[in-house]
Amino acid sequence: MTTVFKSTRSIAQRLGGRTQTMALRAFSNECQAARKVRDAIAEYRERNYTMEVPSRFKKELILPYTTSNGTIDVEQLNKLLVNIGYSDSCLSSKEQIELLRDAGCSGREFSKQQFMELLD
């Protein structure tokens, strides 16, 4: 049984008599860097992939930038933006740090899950 608490965006699963909780950290609306990336990718999708299912579009978009361990380096965001024609939306070093901090990352990488959250 899975229960979703929208206010905290946590998922609780009851497995074998015990409960495990995994917190999904959503990007805040105040994070300018997240909004900048989200807006550029949304505009790109509207112009080029309107007939594509949004989840499929996101998965296809990040596939070339995902490492073998399923993470995406923050530097790859700028490569992605340049490749889709939005080089003016590239993130500065300060914006990259802001984005990572907002995502709750300790290193310079996002998980696929975190990146998908960014695009929502």
Side-chain angles (χ1 to χ4, degrees):
M1 176 173 77
T2 302
T3 308
V4 177
F5 302 97
K6 292 184 182 185
S7 61
T8 60
R9 294 193 53 94
S10 67
I11 299 172
Q13 297 176 320
R14 185 151 178 91
L15 301 171
R18 60 182 191 184
T19 301
Q20 292 181 337
T21 303
M22 179 178 78
L24 298 177
R25 178 157 179 161
F27 289 86
S28 68
N29 290 331
E30 293 83 36
C31 182
Q32 296 293 326
R35 191 172 323 146
K36 188 176 181 180
V37 172
R38 189 181 304 119
D39 291 348
I41 292 174
E43 185 177 319
Y44 176 72
R45 182 179 176 276
E46 287 174 18
R47 288 185 180 181
N48 301 287
Y49 291 90
T50 55
M51 301 300 286
E52 190 74 55
V53 176
S55 59
R56 173 93 174 165
F57 164 76
K58 293 175 202 173
K59 289 175 187 175
E60 293 292 325
L61 183 71
I62 66 171
L63 187 62
Y65 306 97
T66 307
T67 63
S68 60
N69 63 354
T71 61
I72 302 162
D73 189 277
V74 72
E75 294 292 331
Q76 295 296 317
L77 285 179
N78 285 343
K79 287 182 183 178
L80 183 148
L81 292 167
V82 168
N83 288 342
I84 65 172
Y86 287 83
S87 57
D88 57 322
S89 295
C90 286
L91 302 176
S92 66
S93 295
K94 184 179 176 182
E95 289 173 319
Q96 289 175 352
I97 292 168
E98 175 190 3
L99 187 64
L100 289 164
R101 187 175 300 131
D102 195 55
C105 297
S106 57
R108 302 229 1 120
E109 296 179 329
F110 297 101
S111 68
K112 274 192 215 181
Q113 177 79 19
Q114 288 171 315
F115 193 76
M116 295 298 266
E117 288 282 322
L118 169 66
L119 300 180
D120 285 338

Minimum-distance pair of heavy atoms, taken over all atoms of [X] and [Y]:
X    : Y   : result
C90  : V82 : SG-CG2, 3.6 Å
S89  : L81 : O-CD1, 3.3 Å
L91  : K36 : CD2-CD, 3.9 Å
P64  : E60 : CD-O, 3.6 Å
N83  : Y65 : ND2-OH, 2.8 Å
K112 : T66 : CE-CG2, 3.5 Å

Check: Can you tell me if Q76 uses its side chain to pair, donor with acceptor, with the backbone of D73 under 3.5 Å?
Finding: no
Next item on the list: Keeping the roles fixed (side chain from T71, backbone from T67), state whether a donor-acceptor pair exists under 3.5 Å.
Entry: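 Here the side-chain-to-backbone pair does not exist.
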Check: Is there any salt bridge (charged side-chain N to carboxylate O under 4.0 Å, His left out) pair reaching into residues 79-90, and which pairs are they, with sequence neighbours excluded?
Finding: none
Side-chain touch [X]/[Y], heavy atoms, less than 4.5 angstrom:
X   : Y    : answer
I84 : N48  : no
L77 : L99  : yes
I62 : M116 : yes
R45 : I41  : no
K58 : D120 : yes
L61 : Y49  : no

Next item on the list: Find out if a path of hydrophobic residues (ILVMFWY) with successive side-chain heavy-atom gaps under 4.5 Å connects I72 to I97.
Entry: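 Per the 4.5 Å side-chain linkage, I72 and I97 are not co-clustered.
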Item checked: Lys/Arg N to Asp/Glu carboxylate O, K94 vs E98, below 4.0 Å -> no
Item checked: Pair E75 + R108, salt bridge at N-O below 4.0 Å ->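 A salt bridge links E75 with R108.
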Next item on the list: Working to the nearest 0.5 Å, report the span between CD of Q32 and CG of D39.
Entry: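 Going from CD on Q32 over to CG on D39, the span is 9.5 Å.
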Note to self: Using the rule given for side chain to side chain donor-acceptor pair (under 3.5 Å), can you reason through E43 versus Y86, listing the C-alpha separation, both sets of side-chain angles and the distance that settles it, and then say yes or no?
What the structure shows: CA-CA 10 Å; E43 185 177 319; Y86 287 83; 3.2 Å; yes
